[in-house]
*Asks:* 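Below you'll find the structure I mean.
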Amino acid sequence: MNAVEIEAAISDLALLPFDGQEFPFAFLAAFGNKETAIKRLRSGNNNLSDVPGGVLQRNNIHIAVCKAGSVSETLKALRASPATAKAKAKFILATDGQTLEAEDLATGETIAPVYPDFPNYLGFFLPLAGIATIKEIKDNPVDVRATGRLNKLYVELLRENPDWATEERRADMNHFMARLIFCFFAEDTDIFNGEGLFTQTIEQWSERDGSNTHQLLAEIFRAMNIKSGDRGICEPRLPNWANGFPYVNGGLFSGSTDAPRFTRMARTYLIHAGNLNWKEINPDIFGSMIQAVADDEERGALGMHYTSVPNILKVLNPLFLDDLRAQLEDAGQNERKLLNLRKRLAHIRVFDPACGSGNFLVIAYKQMREIEFEINRRRNETHRGSDIPLTNFRGIELREFPAEIARLALIIAEYQCDVRYRGQKDALADFLPLSKENWIICGNALRLDWLSICPPTGTGVKVTADDLFQTPLDQSEIDFENEGGETYICGNPPYLGSRDQKDEHKSDLKALFDKRIQNWKSLDYVAGWFLKAADYSIKTQAFTAFVTTNSICQGLQVPILWTEIFRVGCSIEFAHTSFRWANLASHNAGVTVAIVGIAAQPRNPRRLFSLDTSGSTVERQCMHINAYLASGESVIIDKASHPLSALSEMTFGNTPIDGGYLLLSRDERDALGLTQEQQHRFVRRILGSAEFIRGLERYCLWINDQHLAEALTIDAIAQRVHHVRSVRLNGGKTARDIAERSHQFQRMFFGLNSTLIVPGVSSESRPYLPVGYETSETVISNLAFALYDAPLWNMALIASRLHLVWIGTVCGKLETRYRYSNTLGWNTFPVPLLTEQNKADLTACAEAILLAREAHFPATIAELYDPEKMPANLRHAHERNDEVLERIYIGRRFKNDTERLEKLFELYTQMTASAVAQPPKKSSRGKK
DNA sequence: AATCCGACAGGGT
DNA sequence: ACCCTGTCGGATT
């Protein structure tokens, strides 16, 4: 269950008449306990309580219902109960149906609301559902509740008004929801005259069956679009109950006042939502929660998508907030400096070209208001109106609903800041009517002209949007109050790997990259934002920082994207290396992201952030940050089809493309019922990454053409080949191309005498890359790389710390795992010319590593290279190997990985600069 | 003809 | 319900 569902369940429970017998079980059920678990507790089997009327669930909660007036004593008894400690309860809770007291035993936090109000403490109870660590949700239960209630309303309205769910009317529906949210907020914050005016008006004047609710709403909306001076003359006359609503407009209440039809339930949901305290809505996170309401795909994870404030600050602080705060610090009490800073604040534009529901803009705005307030405080002008115009916070968003919400979130943020810093009275005086300017553009950011939406100061650029999309007409008429100002571009644009892009995404990228660079089809969708930002920055001196999938700074994409960004004239000003971007949606694994800041005139020093092992941020300052987000001159590693140094050829393993029919478990192999001789002829051991690393047993059919006829006489084999064929015929082009030789892998490579195997993906926790020596009988699958019949000293290189550092930097990654590549990592690996003596020494080192492993037979590679348990003799063998190899490079051990990487980049640059073509080398690879 | 990638995916605990 | 760690084969070059 997610937070929204739990909220709904406990709210429902609190509304029911109190039933002492039932309460503990209903409470547990509300937090997602299964029927069977409840049944077991009810029967007493799993009830560990030693308190009268108590229910105790292990590792969870001890609940007791007591007679009226004895709640406090009962809680005391629960706290003192030996069973509470023994069962490791996290919470204790006592209630008599009048009041409820509970304690979080881990934190000592207690609550004591009157019974019907306990759902207000959702955040307190969330650890019961295992979502304790989410600070934003715990601190903002109102946002979760609001989301849940609006969602119910939204779903019910669409059910009753199917026409509003159509493409044409979705915009109306979204606009309608935005209006409601505004009204809910306004009635709880004195923006409307009278607390609860909106909800009460609906409740009093509409029919209980909901039949005329839409008419009421239409009238209220109409009122909010009529200035008070015009109220007397408008046609038709406003009814009295609508006349109490102020003129708001601001685009929010202009246009059609149409409202969807309500059912009895929808009306109840509306009132239920209105009864929440919207004053406490937190626009930082409310927007990202609520946007899921209008998104069919996201609705299942309602309230689970939000971008946490600390993560957003990872972008905004280095981009410009740190600098503002430093200037504030520097100003001290100096009048002139304070005024300069205030003026500077007023001319800062923040532009998020993928703004979603406005997270980044809202937080940037709030942070800037905080700084401005500090200035005003030092100058004793605390009631002074803000000089920071909301219209300097611009955004582009593709989806309509989030775009509506973003604008609303900014309006709410502005009001809340005014209340907080200037007081309720001043805040109200300036609030209505809303400005009608529209600074959140709904459109495709990759197709729109950013210069028009966020024009450079002093130029009169008109909207020149691309033919496909229309920019709102009045857009170019909005003046930026940005004369002599600064522009900061930020955000978290969508990521979409090359393979997962739809035609529309591809064509967006094509419009940007085609005719400009090669191989753009392999870029992630997010790359489009970086290119547009780079182009924009060159013209306007803007600074940009985006959250991005880390893959644009790894492997294949680096030479494609960054060569162009650097060519345009931008460089990386600051960066945050890979970290996991928490996404609460269960099963939706968090994605690994980086933050990259680019600028045409980057400020110094360059700042490179990363997370240390304990998860806290560390900052390094350096002269340059390269495209791999490492400190150092801009070196870009291109793929090479043969080794640049004098190394053996490494080949990609054999791809089955078999739907599982060429691959065999041991049981499947035995089930073929082959004779010893047949098995020897047609079946081989096969290794991919997992098999090699974890020592798993796997086999495959391996049929040479000259034995095909014989193989097909064996029924079990013939059937499998037949299945492979049909799988391939139904597959993609790659598969169809080889359908006519379905007894074989895509390729049939193997070693004549020996094979070195390097896994394609392996855990980053290991201190060395796994590499193994296998007999020629073993087949290497596409999930690993192979060196067929290569001298053993090659293995010494792969097993070295130097190589791990190189691979970890220049190859792609799977999240943060090492992902090996022959073309990007092995062929580019810079190695000094090795003497025969060097090779002999390295061969001895490799043998020593193999022997050290052998001593622990049958331990797997995963066990041997577990950083906690790596055996001492193996560690020694690797130390020795590193010692020998590093002496070949620089005559001593390297001090650290930074030094290793610098040397490797240096060698690589030398090797590629000398441009002496290496003769292509063919290894003695078996081929049939 | 040869591989690189995954707003992941699947197994283990 | 996380935590750990690498499948699989299509799309792209």
Side-chain angles (χ1 to χ4, degrees), chain A residues 1-2 32 129-133 297-298 301 304-305 307 354 356 492-501 506 518-526 547-552 554-560 580-593 639 641-642 649-660 662-663 686 688-694 696 698 727-728 730-738 745-747 749 759-766 770 781-785 811-827 861-862 865-866:
Chain A
M1 274 173 95
N2 66 40
I131 29 188
T133 49
E297 284 169 21
E298 282 190 53
M304 298 288 107
H305 287 283
T307 316
N492 178 13
Y495 331 139
L496 207 51
S498 147
R499 245 194 3 244
D500 297 331
Q501 289 166 29
K506 282 278 186 243
Q518 302 261 303
N519 301 338
W520 57 268
K521 278 189 178 173
S522 296
L523 290 174
D524 192 285
Y525 194 49
V526 77
V547 184
T548 168
T549 168
N550 58 359
S551 71
I552 65 162
Q554 291 164 2
L556 188 67
Q557 296 195 55
V558 170
I560 306 174
R580 279 180 84 87
W581 190 260
N583 180 344
L584 293 181
S586 73
H587 199 65
N588 188 357
V591 34
T592 307
V593 301
K639 49 201 277 180
S641 45
H642 301 286
E649 289 283 337
M650 182 184 288
T651 345
F652 197 70
N654 301 298
T655 312
I657 315 189
D658 65 335
L662 289 178
L663 299 177
I686 183 169
S689 299
E691 291 79 20
F692 172 64
I693 292 171
R694 298 206 285 260
L696 308 176
R698 209 172 192 192
V727 166
R728 287 183 181 175
N730 290 317
K733 186 186 177 312
T734 310
R736 286 197 305 274
D737 281 351
I738 52 170
F745 284 49
Q746 189 180 21
R747 298 183 308 184
F749 291 171
V761 173
S762 62
S763 166
E764 69 274 28
S765 70
R766 300 187 183 115
S781 88
N782 62 322
L783 303 171
F785 293 86
C811 287
K813 295 258 174 83
L814 206 181
E815 299 229 300
T816 49
R817 251 62 3 101
Y818 296 117
R819 166 172 257 153
Y820 204 91
S821 154
N822 53 352
T823 59
L824 286 164
W826 175 250
N827 293 343
I861 292 289
Y865 286 87
D866 183 325

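Every chain is numbered from 1, with letters handed out A, B, ... down the list of sequences.
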*Asks:* Does C/dG9 have OP1 or OP2 under 4.0 Å away from a side-chain N or O of A/Thr655?
*Replies:* no
*Asks:* How long is the span from the CZ atom in A/Arg499 to the CG atom in A/Leu496, to the nearest 0.5 Å?
*Replies:* 10.5 Å
*Asks:* Supply the atom-to-atom distance A/Arg817 CZ to A/Cys811 SG, rounded to the nearest 0.5 angstrom.
*Replies:* 15.0 Å
*Asks:* Can you tell me how far C1' of B/dG10 sits from CZ of A/Arg817, to the nearest Å?
*Replies:* 13 Å
*Asks:* Using a 4.0 Å heavy-atom cut-off, does A/Asp658 contact any base of the nucleic acid, only the sugar-phosphate backbone, or nothing at all?
*Replies:* sugar-phosphate
*Asks:* Counting heavy atoms from C-beta on, name the nucleotide in C/dG6, C/dT13, B/dG6 closest to the side chain of A/Arg819.
*Replies:* B/dG6
*Asks:* Categorize A/Gly660 for me: base, sugar-phosphate, or nothing, with a 4.0 angstrom heavy-atom threshold over every strand shown.
*Replies:* nothing
*Asks:* Rounded to whole angstroms, how far apart are CG on A/Leu814 and C1' on C/dG9?
*Replies:* 14 Å
*Asks:* Counting the atoms with a prime plus P, OP1 and OP2 as sugar-phosphate, which does A/Gln746 contact under 4.0 Å by heavy atoms, base, sugar-phosphate, or nothing?
*Replies:* base
*Asks:* By nearest atom, which of the nucleotides B/dA7, B/dG6, C/dT5 is closest to the A/Ser765 side chain?
*Replies:* C/dT5
*Asks:* In whole Å, what separates the P atom of C/dC8 from that of B/dG12?
*Replies:* 14 Å
*Asks:* Is the phosphate of C/dT12, meaning OP1 or OP2, less than 4.0 Å from a side-chain N or O of A/Lys506?
*Replies:* yes
*Asks:* At under 4.0 Å between heavy atoms, what does A/Arg728 touch on the DNA or RNA strands: base, sugar-phosphate, or nothing?
*Replies:* nothing
*Asks:* Across the strands shown, which category fits A/Ser522 at heavy-atom distances under 4.0 angstrom: base, sugar-phosphate, nothing?
*Replies:* sugar-phosphate
*Asks:* Contact class for A/Lys733 vs. all strands (heavy atom < 4.0 Å): base, sugar-phosphate, or nothing?
*Replies:* nothing
*Asks:* Just N and O in the side chain of A/Arg747: are any of them under 4.0 Å from OP1 or OP2 of B/dA2?
*Replies:* yes
*Asks:* Taking the C1' atom in each of B/dG10 and B/dG6, what is the distance between them to the nearest angstrom?
*Replies:* 14 Å
*Asks:* Determine the Euclidean distance between corresponding P atoms of C/dG9 and B/dG11; express it in Å to zero decimal places.
*Replies:* 14 Å
*Asks:* Touch check for A/Pro770, heavy atoms < 4.0 angstrom, all strands: base, sugar-phosphate only, or nothing?
*Replies:* nothing
*Asks:* Minimum heavy-atom separation for A/Asn782 to A/Pro656, with atom names?
*Replies:* OD1-CD, 3.6 Å
*Asks:* Which whole-number value in Å describes the distance from A/Glu815 CD to B/dG6 P?
*Replies:* 9 Å
*Asks:* Can you find a side chain N or O atom of A/Thr823 that sits less than 4.0 Å from OP1 or OP2 on B/dA2?
*Replies:* no
*Asks:* Return the 5'-most residue of the pair A/Leu496, A/Met650 with respect to DNA chain B, ranking by each residue's nearest nucleotide.
*Replies:* A/Met650
*Asks:* Could you summarise the pairing of DNA chain B as dot-bracket text, marking Watson-Crick and G-U pairs under 3.5 Å with ( ) or [ ] inside the strand and | across strands?
*Replies:* ||||||.||||||
*Asks:* Any donor-acceptor pair under 3.5 Å linking the side chain of A/Asn654 with the backbone of A/Phe749?
*Replies:* yes
*Asks:* Within this structure, what is the CG-to-P distance between A/Leu783 and C/dG10, rounded to whole angstrom?
*Replies:* 14 Å
*Asks:* Please state how far atom CG in A/Leu696 lies from atom P in C/dT5, giving the value in whole angstrom units.
*Replies:* 14 Å
*Asks:* Using a heavy-atom cut-off of under 4.0 Å over every strand shown, decide if A/Pro494 touches base, sugar-phosphate, or nothing.
*Replies:* base
*Asks:* Does C/dG6 have its OP1 or OP2 closer than 4.0 Å to a side-chain nitrogen or oxygen of A/Arg766?
*Replies:* yes
*Asks:* Hey, which of these two, A/Tyr495 or A/Lys639, hits DNA chain B nearer its 5' end, going by closest nucleotide?
*Replies:* A/Lys639
*Asks:* Could you check how far CG of A/Leu523 sits from C1' of C/dA11, rounded to whole Å?
*Replies:* 14 Å
*Asks:* Starting at CD of A/Gln501 and ending at P of B/dC4, how long is that distance when rounded to a whole Å?
*Replies:* 18 Å
*Asks:* Any sub-3.5 Å donor-acceptor pair from A/Glu764's side-chain atoms to A/Glu815's backbone N or O?
*Replies:* no
*Asks:* Under the side chain to side chain contact (heavy atoms under 4.5 Å, CB included) criterion, do A/Gln557 and A/Thr549 qualify, and how do the steps go?
*Replies:* CA-CA 11 Å; A/Gln557 296 195 55; A/Thr549 168; 5.9 Å; no
*Asks:* Taking the inter-plane angle between the rings of A/Phe785 and A/Phe652 on a 0 to 90° scale, is it parallel (under 30°), tilted (30 to 60°) or perpendicular (over 60°)?
*Replies:* perpendicular
*Asks:* Counting only N and O atoms by type, is there a donor-acceptor contact under 3.5 Å from the side chain of A/Arg747 to the main-chain atoms of A/Thr655?
*Replies:* no
*Asks:* Any idea which of B/dC4, C/dT13, C/dT7 is nearest the A/Leu556 side chain?
*Replies:* B/dC4
*Asks:* Donor-acceptor pair, distance only, cut-off 3.5 Å: does the side chain of A/Lys639 make one with the backbone of A/Asn822?
*Replies:* no
*Asks:* Would you indicate, yes or no, if B/dC4 has its OP1 or OP2 atom less than 4.0 angstrom from a side-chain nitrogen or oxygen of A/Lys813?
*Replies:* no
*Asks:* For the side chain of A/Ser821, starting at C-beta, report the closest nucleotide among C/dC8, B/dC4, C/dG6.
*Replies:* B/dC4
*Asks:* As a test of reading the structure: which of C/dG9, B/dT3, C/dT5 is closest to the side chain of A/Ser763, going by heavy atoms?
*Replies:* C/dT5
*Asks:* How many Å lie between CD on A/Gln557 and P on B/dG6, as a whole number?
*Replies:* 7 Å
*Asks:* Is the phosphate of C/dT7 approached by A/Asn782 (side-chain N or O, under 4.0 Å from OP1 or OP2)?
*Replies:* no
*Asks:* Do you know which two heavy atoms are closest between A/Ile552 and A/Val558, and how far apart they sit?
*Replies:* O-CG2, 3.9 Å
*Asks:* B/dC5 and B/dA9: how far apart are their C1' atoms, nearest whole angstrom?
*Replies:* 14 Å
*Asks:* Considering only side-chain heavy atoms of A/Leu663, which listed nucleotide, C/dG6, B/dA7, C/dC8, is closest?
*Replies:* C/dC8
*Asks:* Report yes or no: is there a donor-acceptor pair, N or O only, under 3.5 Å between the side chain of A/Thr592 and the base of B/dA7?
*Replies:* no
*Asks:* Strictly below 4.0 Å: does A/Arg694 bring a side-chain N or O up to OP1 or OP2 of C/dG6?
*Replies:* yes
*Asks:* Does A/Glu691 reach the main-chain N or O of A/Arg698 with its side chain, forming a donor-acceptor pair under 3.5 Å?
*Replies:* no
*Asks:* Given C/dT5, C/dT7, C/dT12, identify the nucleotide with an atom nearest to the side chain of A/Lys521.
*Replies:* C/dT12
*Asks:* Select base, sugar-phosphate, or nothing to describe what A/Ala735 touches, counting heavy atoms under 4.0 Å on all strands.
*Replies:* sugar-phosphate
*Asks:* Quick one: is A/Ser641 getting a side-chain N or O under 4.0 Å of the B/dA2 phosphate, OP1 or OP2?
*Replies:* no
